[in-house]
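Here's the structure we're looking at; comments come further down.
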Amino acid sequence: MQETGRAFLCFDLTGHGKSSGAFEEGTIGAWTSDVVALLDALTEGPQILVGSSLGGWLMLLAALARPDRVAGLMGLAAAPDFTEDLIYAAFSTRRKRNWSRRGGF
C-alpha cells in the first residue's frame, strides 16, 4: 500500500476465486508449492503470512518450508488438517483398523 509504505501480496489459489484451473484437480502439495514459489519470487525479507481457512493450513506449510522468511503468522479461522497427528495417533489399534476400513470419519 503506497499510503503506508507497506507492500502486500494477495492471490487466489489455483481453482479458487478468479484463478484458472479446477478446484478438484488441486492438491495441498501443489497449492503449498505455489505459495512457496510466490513467496520466493515476489517478496523480499521476512514476511507476515496471513491465511484464512485452507489458506491458514497453507500458511503453516509455507512457514515450515521457509522458516527464515517468516516474521509472523496470522490465521483467520485457519483450517489445518491435524487429523493424523492429533486424532488418529491417539486411536487404539482396533479403532485405527475401523478408521481405515471406513475411510475416515
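Atom set for the values below is all heavy atoms of this structure, side chains included, hydrogens, waters and symmetry mates excluded.
Nearest heavy-atom pair across Leu73 and Ala63 is CD2-CB, 3.8 Å. For the residue pair Pro46 and Ala71, the shortest heavy atom distance occurs at CB-CB, 3.8 Å. Minimum interatomic distance between Val36 and Ala65 (heavy atoms only, all atoms of both residues): CG2-CB, 3.9 Å.
Each of Leu49, Val70, Leu64 was evaluated against Met59; a single residue qualifies, Leu49, per the side-chain contact (heavy atoms from CB on, under 4.5 Å) test.
We find the OG1-CG distance between Thr43 and Leu9 to be 7.5 Å, quoted to the nearest 0.5 Å. Note that CG of Leu58 and OG of Ser52 are 11.5 Å apart. Values are rounded to the nearest 0.5 Å.
Arg69 places a side-chain heavy atom less than 4.5 Å from the side chain of Asp40. Side-chain contact between Leu54 and Trp31 is present, with at least one heavy-atom pair separated by less than 4.5 Å. Side-chain atoms of Phe11 and Val35, non-hydrogen and from C-beta on, do get closer than 4.5 Å to each other.
A single hydrophobic cluster is seen to contain both Ile28 and Leu38, as judged by linkage of ILVMFWY side chains at heavy-atom distances under 4.5 Å, directly or through other members. By the criterion of side-chain heavy atoms lying less than 4.5 angstrom apart, applied directly or through intervening Ile, Leu, Val, Met, Phe, Trp or Tyr residues, Leu39 is grouped together with Leu60 in one hydrophobic cluster. Hydrophobic clustering, with ILVMFWY side chains joined whenever heavy atoms are under 4.5 angstrom apart, groups Leu42 together with Leu61.
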